[in-house]
Structure formats: structure tokens, C-alpha cells
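As the structure lists them, so they are numbered: ligands from 1, and atoms in each ligand from 1. The structure presented is a predicted model; accordingly, all values stated were derived computationally and were not measured.
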Amino acid sequence: MTTTITILITGGAGFIGSHVVRHFVNAYPQYKIVNLDLLTYAGNLENLKDVEGAPNYTFVKGDISDVAFLDTLFETHQFDAVIHLAAESHVDRSITDPMAFIRTNIIGTVELLNAARRSWTDFEGKRFYHVSTDEVYGSLGETGYFTEETSYDPRSPYSASKASSDFLVRAYWHTYGMPVVLSNCSNNYGPYQFPEKLIPLIINNIQHDKPLPIYGDGKYTRDWLWVLDHVGAIDVIFHKGKLGETYNIGGNNEWKNIDLVHLLCDAVDARMGRPTGTARQLITFVKDRPGHDRRYAIDSGKLQRELGWEPSMGMEEGLRRTVDWYFDHADWLAHVTSGAYQGYYEHQYKG
Ligand code: NAD
Ligand code: DAU
């Protein structure tokens with residue numbers, strides 16, 4: 001696309017958001033990208049050092065639930081489109097502090113929709129892209145996949161807040177004709193992920209010779225996707241997705257947690273040049289996450305058939321690159337873990 005447009009990306013200082021911002025700034029120099037982020041514990045401008053001087057990039061610190069601030073922002077920049085990623089994103093935190101999730105994920109999303117609606121007197125050429133999760137569909141048994149037709153059955157405060165936001169985005173499409181598009185993605189991994197999530201937490205703990213907490217029996221299953229494959233899907237849905245539609249995004253890459261952690265331990269041992277099996281000795285089975293969803297698996301056939309997207313990264317290569325990145329960015333890891341952060345298990349699920 002060669003047209004000049006101005007896009008508001010929310011949550012652009014977080015894990016996925018920073019990759020999305022970097023991609024849009026570099027791949028589309030004709031677009032103006034405004035990154036709005038509150039810089040919570042999960043947001044970090046170090047994630048975007050390489051683009052901070054780009055002429056088509058602006059960072060604004062602010063809260064997606066601050067109505068007056070949003071109106072001024074929309075008035076100043078006259079956005080053509082929004083890609084909305086800002087959220088509280090960690091399931092364990094939602095169990096101990098649900099209100100933060102209600103405020104940002106539900107109220108924040110509605111305030112953003114309202115601000116866009118007030119600003120966009122004409123919806124022609126406009127687009128509000130809401131980035132969501134497969135967790136809205138609930139939990140699968142041994143077989144089956146989530147499709148776009150699967151009924152919502154969210155079971156944690158996090159997934160319930162994301163499900164509410166999805167419903168509200170769709171309600172604005174049906175009620176006001178807001179030009180929306182949505183996607184629901186599986187578990188992402190890769191560089192810049194905050195080390196509260198399983199993969200970077202395990203890498204960080206191995207580096208510090210700390211126990212590797214495996215919740216419950218370790219046979220919970222997730223479908224893992226390389227974060228840049230998610231960014232590729234977001235690009236194609238943003239540009240070609242049909243308004244009013246939802247697209248599932250997944251890696252077709254299911255792993256039981258314990259098997260994934262074994263693979264990761266071996267990748268770290270290889271990186272450290274020590275015997276395979278050393279890191280595995282740190283594995284510790286711990287009390288389960290309350291309400292833990294057993295299995296997620298995504299059918300992304302609609303996105304593949306209609307928009308031609310498919311994942312590109314294999315798991316062993318993706319994990320090797322992720323391990324290398326965390327070892328090569330020890331400063332980043334030390335910095336983001338230097339504040340009040342403690343692995344969640346360490347103060348929540350002991351006992
Ligand atoms: P993250 O926690 O790494 O980043 C979230 C970002 O949002 C942070 O930079 C934070 O500062 C910002 N933020 C939080 N509250 C805000 C507020 N009130 N106003 C403005 N900014 C605020 O999250 P992530 O893992 O990058 O996830 C991004 C989005 O993708 C979320 O909507 C999440 O639900 C969704 N998602 C994540 C995954 C995954 O595996 N991580 C998978 C599917 C969907
Ligand atoms: O499916 C998409 C979702 O994936 C996103 O919407 C969320 O934002 C993202 O956080 C992620 O949610 P999960 O709860 O699946 O991710 P997490 O990394 O927290 O946990 C992955 C699995 O590993 C899950 O079964 C819980 C387990 N786990 C996690 C941690 C942090 C452990 O066994 N030990 C741990 O210490």
C-alpha cells in the first residue's frame with residue numbers, strides 16, 4: 001500500500017506490540033505510526049531503541065481508559081486506523097488482581113472505541129483492528145480445535161476480560177457500523193517477552209540456577225507461535241481482512257508444557273556448552289494454577305484459505321533463536337527483572 005495513513009498502535013512497548021511497531025515503521029515508511037503505551041511493568045521503551053529516531057514514528061505515553069487524553073490524541077493525529085494491543089496479558093496476575101484487567105481490557109477497549117467513533121465522523125477508509133487471544137474459547141479435551149465458530153467459554157479473569165472486549169468490538173460493528181476486524185491468536189514466544197511467561201521465565205531461572213516451576217502435572221497443552229509469524233498475520237489481516245470478521249491465528253504446534261520445558265532445557269544446555277540434562281535437574285512440579293485450562297489448539301484454516309497466511313518458523317529453530325536472544329540481551333533481562341518483579345509462582349502458588 002503506498003497511501004499515507006496514520007495508524008495508532010496501542011500497547012506498542014510490550015512484547016507483541018513492539019514487534020508490530022517495528023514491522024510497520026520499517027516495512028511502511030509512508031505510514032505514520034503513533035505508539036500509545038502506559039509503560040506498565042510490561043511496557044519498556046528499550047524494546048524499540050532501534051526505531052525511536054525513525055521519521056515516521058512517534059511514542060506517546062498514556063492510558064487507553066483516559067477519555068480526555070484520547071480525544072486530544074485523536075484530534076492531534078487524525079488517525080485513519082487503530083491496531084489495539086494494549087492489555088493486561090498475564091493469566092496468573094488476573095487471578096490475584098482481576099480489576100486491573102477489567103479496567104484496561106474492558107473499559108480501556110470501550111473508551112478507545114468511543115474515541116475512534118467520536119473522531120471518525122465518516123467510517124470510509126477507517127479500520128479498528130482488535131488483537132485478541134484464543135483463551136476466549138475456553139479449554140479443549142484431548143482432541144479438537146478452536147475455529148472462529150467455537151462458542152466463547154472464558155474461564156480466567158484474563159480470558160473473560162478479553163472475551164468481553166471482543167464482544168464489545170463486535171457490538172460496535174453491529175450497532176454503529178464501526179469498521180472493525182479481530183483476530184484470536186495462540187501462545188506467542190520470541191524476543192522481548194516479559195519473563196513472567198513460561199518460556200522466558202524458564203530461560204531466566206536456568207540462568208540463575210533457580211527451580212523451574214511446572215504447574216500441576218505438566219501435561220497442559222499450548223499451541224506455540226513465533227511472534228514474528230503473529231506480526232505477519234496482523235499485517236495481512238490489517239490490510240486485507242474483511243470488516244466485521246474474526247480470524248484465528250495459530251502455529252499448528254502443540255506442546256505439553258513438560259515436553260516444551262525439556263526441549264528448552266536442552267537448548268539452554270547446548271547454548272551454555274554443558275552436558276544435556278543439566279538444566280532438567282532444576283524442574284520442580286508445583287501447585288497448579290487455579291482454573292488452569294487443559295489444552296488450546298487453533299484451527300487457522302480460514303486465515304490460510306482466505307488471506308494466504310501460514311506460520312513459517314519451526315519450534316526447534318524458534319526456541320534456539322529465543323534462547324540466543326535472551327543470552328545475548330542479559331542487560332535487558334536484568335533491567336526488566338530489577339524492580340518489584342518476582343516470578344509469579346514464587347509468591348502465589350506455593351503451599
Ligand atoms: P504485554 O503484557 O507484553 O504488553 C502489553 C502492553 O500494553 C504493555 O506495553 C503495557 O504497558 C501496555 N498497557 C497496559 N495497560 C495499558 C493502558 N491502560 N493503556 C495503554 N497501554 C497499556 O502483552 P503481549 O503479550 O504483547 O500481548 C499484546 C496483546 O496481544 C494483548 O492484547 C494480548 O491479549 C494479546 N495476545 C497475546 C498473546 C501472547 O501469547 N502473549 C497471544 C494472543 C493474544
Ligand atoms: O493462548 C494465548 C495466551 O497465551 C495469551 O492470551 C496470554 O496473554 C499469554 O500470557 C498466554 O497465556 P498462558 O497462560 O497460556 O501463558 P503462560 O506463559 O503464562 O503459561 C503457559 C503454560 O505454562 C500454561 O499452561 C501455564 C504453564 N506455566 C506457566 C508458568 C508461568 C507453568 O507450568 N509454570 C509457570 O511458571
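Looking only at heavy atoms of the protein, atom 7 (C) of ligand 2 is closest to Ser89 O, 3.5 Å. Shortest contact from atom 18 (O) of ligand 2 to any protein heavy atom: Leu198 N, 2.8 Å. Of all protein heavy atoms, the one closest to atom 26 (C) of ligand 2 is His292 NE2, 3.4 Å.
Note that Arg117 lies in the cation-pi zone of Tyr176, set by a 6.0 Å cut-off to the ring centre and a 45° limit from the axis. Seen from the ring of Tyr220, Arg289 does not count as a face-on cation partner, given the 6.0 Å and 45° thresholds.
Residue Leu201 has no nitrogen or oxygen atom sitting less than 3.5 Å from a nitrogen or oxygen atom of ligand 2, judged on distance alone. Residue Tyr220 places no N or O, backbone or side chain, under 3.5 Å from any N or O of ligand 2. Taking distance alone, with nitrogen or oxygen atoms compared against 3.5 Å, Ile214 stays at or beyond that limit from ligand 2.
If you look at Tyr152 and Tyr137, their ring centroids are closer than 6.0 Å. Between Trp309 and Tyr247, the distance separating the two ring centers is not shorter than 6.0 angstrom.
The ring-ring contact (aromatic ring centres under 6.0 Å, His included) contacts involving residues 109-129 comprise nothing, where partners must be two or more places apart or lie in separate chains.
Heavy atoms of Tyr215 found under 4.0 angstrom from ligand 2 belong to the backbone as well as the side chain. Residue contacts with ligand 2, taken as heavy atom pairs separated by less than 4.0 Å, involve Asn187 via backbone and side-chain atoms alike. Using a 4.0 Å cut-off between heavy atoms, Ile199 makes no contact with ligand 2 at all. Contact annotation: for Ala87 versus ligand 2, there are no heavy atoms closer than 4.0 Å. In Ser159, neither the side chain nor the backbone holds a heavy atom less than 4.0 Å from any atom of ligand 2. When heavy-atom distances to ligand 2 are checked against a 4.0 Å cut-off, Glu135 comes that close only through its side chain, counted from C-beta outward.
Between the side chains of Thr109 and His84, a donor-acceptor pair is found at a separation under 3.5 Å.
Note: His239 and Tyr28 have tilted aromatic rings, judged against thresholds of 30 and 60 degrees for the angle between ring planes.
Selection from Ile298, Val286, Asp217, Asn257 by nearest heavy atom to atom 23 (O) of ligand 2 gives Asn257. Of the candidates Glu88, Gln193, Arg289, Glu196, it is Glu196 that places a heavy atom closest to atom 31 (C) of ligand 2.
Here the closest non-hydrogen pair linking Ser65 and Ile107 is CB-CG2, 4.4 Å.
Within 4.0 Å of ligand 1, the residues that place a heavy atom are Gly11, Ala13, Gly14, Phe15, Ile16, Asp37, Leu38, Leu39, Thr40, Ala42, Gly43, Gly62, Asp63, Ile64, Leu85, Ala86, Ala87, Ser89, Thr104, Val131, Ser132, Thr133, Tyr158, Lys162, Cys185, Ser186, Asn187, Asn188, listed by chain and number.
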